[in-house]
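See below for the structure under consideration.
Letters A, B, ... are given to chains in the order of the sequence lines, protein chains preceding strands, and every chain is numbered from 1.
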There are 2 protein chains.
Amino acid sequence: MPRITAERREARRIEILAAARRCFSRDGFHQTSMPDIAREAGLSAGAFYRYFPSKEDVILEIAGQAFGAMAGRIAAVGEDGSPAGIADIVAAVVGPMSGPTIELGPGDVAPTDELARCGVQAWGELMRHDTLRNRAAAAFDVLRARVAEVLRRGQVAGDVPADLEPDHGARVVMALLPGFVLQRQAFGLDDADGFVRAVDTLLGRTPPSEQPV
Amino acid sequence: MPRITAERREARRIEILAAARRCFSRDGFHQTSMPDIAREAGLSAGAFYRYFPSKEDVILEIAGQAFGAMAGRIAAVGEDGSPAGIADIVAAVVGPMSGPTIELGPGDVAPTDELARCGVQAWGELMRHDTLRNRAAAAFDVLRARVAEVLRRGQVAGDVPADLEPDHGARVVMALLPGFVLQRQAFGLDDADGFVRAVDTLLGRTPPSEQPV
DNA sequence: AGCTTCCGTGAATGCTCATTCGCCTTGACC
DNA sequence: GGTCAAGGCGAATGAGCATTCACGGAAGCT
């Protein structure tokens, strides 16, 4: 018979994750100590371990949130049946991010700057953490296939060059996203509209040969 | 009167940096201990400190190498007077990377996978290390201006949409690079040719309106 | 050769940190 | 209200780490 309800317990867990995100986005994964997280969450160091087995578990969970938030935005494009183009995909990921981080469900949070900063650090972890990398690779493949599908539809509609290999094209589209995130988080370049407009223009919606100066 | 010549001293310094790159690319900045670096360099832990004041200095120097190697490739595009396009810039960064890391000059090394992996981790450091961020931001601005200039020339030649804002377009081109590096280093996707081909196609060299299915 | 100066060594130092443990508190259930 | 298992606490633990230091030895110079 637990002293606190399951809901309260879950809320506490989520609160600890939120505190960890704040610490990680401010100081980095490895410069944040457990007492830091506990203090930020308003708990003692010991209480933390009633909710998570180790610090690494929190890092992995937050890395998962960061990747998941991005993936969720991409996956949502075109789900309502509207005709989705490449620029729509880019716009979805690159869209507004400010405000507090909101829990959408268990382990599912809205994308924020805070989370994006954790994500950038998680890229570094990807390269030597096998579990994280495998999960991320699987998610990447799903998204890439989805983007490739959008490109194929675009080819049918004539919006996308017919001689583009969709799988390679999807790689290029996916490659735009980390670059934008990095520019925004590291250099403060957050003109998402200008970025999307440039993507739209570059992608040939307005073919250069028909737009002489 | 030094016991070893200046050349030998410099060689040792470079060797330590090489050892640190190997360790960092394998285990990450913060999972690598000083004894690890010393052992990899064939030195004692104490000797390291005759060459560098601290571990952080090595990290910063290697981060600088990683960014500098990329920057060097971008900056080299079009320097020989040949007409450079966007795809040339992407191709330059995305090009071959294997082989041992080669010292090109003081603090100047050729891009390798090893160095690229250090670079990805350095992105995470960027966000909370002011000195590193400021230097990177300055370098980024220079490169972006250079890419924007290539785009302007492309507009004159008719290869690039006239209504593209060159500064925004340059951001987009620059954004492609971290994405490609991450895909290569984290997921092993190293088909650089296919990537460049897709960039070339997407950029509208072959306007979609003239390529109906 | 003799002196001096610097280099390399590796054990010692003095932290910090993740994690654990014994104890007290709290709230649910009877 | 009483009981008791779980929650919370924070000092204690023990490992690991960056950095320092005192010494042995090798090069340069005279």
Just the table, please: protein N/O against nucleotides 25-27 of chain C N/O, every pair under 3.5 Å.
{"unit_1": "dT25(C)", "atom_1": "O2", "unit_2": "Arg3(A)", "atom_2": "NH1", "d": "3.0"}
{"unit_1": "dT26(C)", "atom_1": "O4'", "unit_2": "Arg3(A)", "atom_2": "NH1", "d": "2.9"}
{"unit_1": "dT26(C)", "atom_1": "O2", "unit_2": "Arg3(A)", "atom_2": "NE", "d": "3.3"}
{"unit_1": "dT26(C)", "atom_1": "O2", "unit_2": "Arg3(A)", "atom_2": "NH1", "d": "2.9"}

Sequence neighbours excluded - salt bridge (charged side-chain N to carboxylate O under 4.0 Å, His left out) pairs with any residue from residues 135-147 of chain A: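 Those involving residues 135-147 of chain A are Glu79(A)-Arg146(A).
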
dC7(C) phosphate, OP1 or OP2, under 4.0 Å from Arg9(B) side-chain N/O: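 Answer yes for this pair, as a side-chain N or O of Arg9(B) is under 4.0 Å from OP1 or OP2.
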
Distance below 4.0 Å between Tyr51(A) side-chain N/O and dG8(D) OP1 or OP2: yes

Residues which pass salt bridge (charged side-chain N to carboxylate O under 4.0 Å, His left out) with Arg197(A), listed by chain and number, not counting sequence neighbours: Glu165(B)

Distance, rounded to the nearest Å, where [X] contributes [atom1] and [N] contributes [atom2]:
X	N	atom1	atom2	result
Ile59(B)	dC17(D)	CD1	P	14 Å
Arg39(B)	dG16(D)	CZ	C1'	13 Å
Arg13(A)	dG8(D)	CZ	C1'	18 Å
Gln31(B)	dG16(D)	CD	C1'	13 Å
Asp27(B)	dG16(D)	CG	P	15 Å
Arg8(B)	dG28(D)	CZ	P	11 Å
Asp36(A)	dA18(C)	CG	C1'	12 Å

Ignoring hydrogens and angles, write down the donor-acceptor pairs under 3.5 Å from the side chains of residues 115-123 of chain B, residues two or more places apart or on other chains.
{"unit_1": "Arg117(B)", "atom_1": "NE", "unit_2": "Ser25(B)", "atom_2": "O", "d": "3.2"}
{"unit_1": "Arg117(B)", "atom_1": "NH2", "unit_2": "Met127(A)", "atom_2": "O", "d": "3.2"}
{"unit_1": "Gln121(B)", "atom_1": "OE1", "unit_2": "Phe29(B)", "atom_2": "N", "d": "2.9"}
{"unit_1": "Gln121(B)", "atom_1": "NE2", "unit_2": "Phe24(B)", "atom_2": "O", "d": "3.0"}
{"unit_1": "Gln121(B)", "atom_1": "NE2", "unit_2": "Arg117(B)", "atom_2": "O", "d": "3.4"}

Pi-cation contact, Tyr51(B) with Arg9(B) (under 6.0 Å, within 45°): yes

Pairing residues for Phe140(A) by the ring-ring contact (aromatic ring centres under 6.0 Å, His included) criterion, not counting sequence neighbours: Phe187(B)

side-chain contact (heavy atoms from CB on, under 4.5 Å) evaluation trace for Ile14(A) with Glu10(A): CA-CA 6 Å; Ile14(A) 284 172; Glu10(A) 182 59 22; 3.8 Å; yes

Which nucleotide in dG8(C), dC9(D), dC17(C) has an atom nearest any side-chain atom of Ser33(A): dC17(C)

Any Leu143(B) side-chain heavy atom under 4.5 Å of Met70(B) side chain: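 No, too far: nothing below the 4.5 Å cut-off.
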
Non-hydrogen side-chain atoms of Asp36(A) and Arg39(A) separated by less than 4.5 Å: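 Counting from C-beta outward, Asp36(A) and Arg39(A) do come under 4.5 Å.
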
Could you go over nucleotides 19-21 of chain D and give all protein N or O partners under 3.5 Å, atom names and distances?
{"unit_1": "dT19(D)", "atom_1": "OP2", "unit_2": "Tyr49(B)", "atom_2": "OH", "d": "2.7"}
{"unit_1": "dT19(D)", "atom_1": "OP2", "unit_2": "Lys55(B)", "atom_2": "N", "d": "3.1"}
{"unit_1": "dT19(D)", "atom_1": "O5'", "unit_2": "Tyr49(B)", "atom_2": "OH", "d": "3.3"}

Touch class at under 4.0 angstrom, heavy-atom based, for Arg12(A) against every strand present: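 Touches sugar-phosphate only.
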
Arg22(B): which of Glu40(B), Glu15(B), Glu114(B) passes salt bridge (charged side-chain N to carboxylate O under 4.0 Å, His left out):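 The residue from Glu40(B), Glu15(B), Glu114(B) that satisfies salt bridge (charged side-chain N to carboxylate O under 4.0 Å, His left out) with Arg22(B) turns out to be Glu40(B).
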
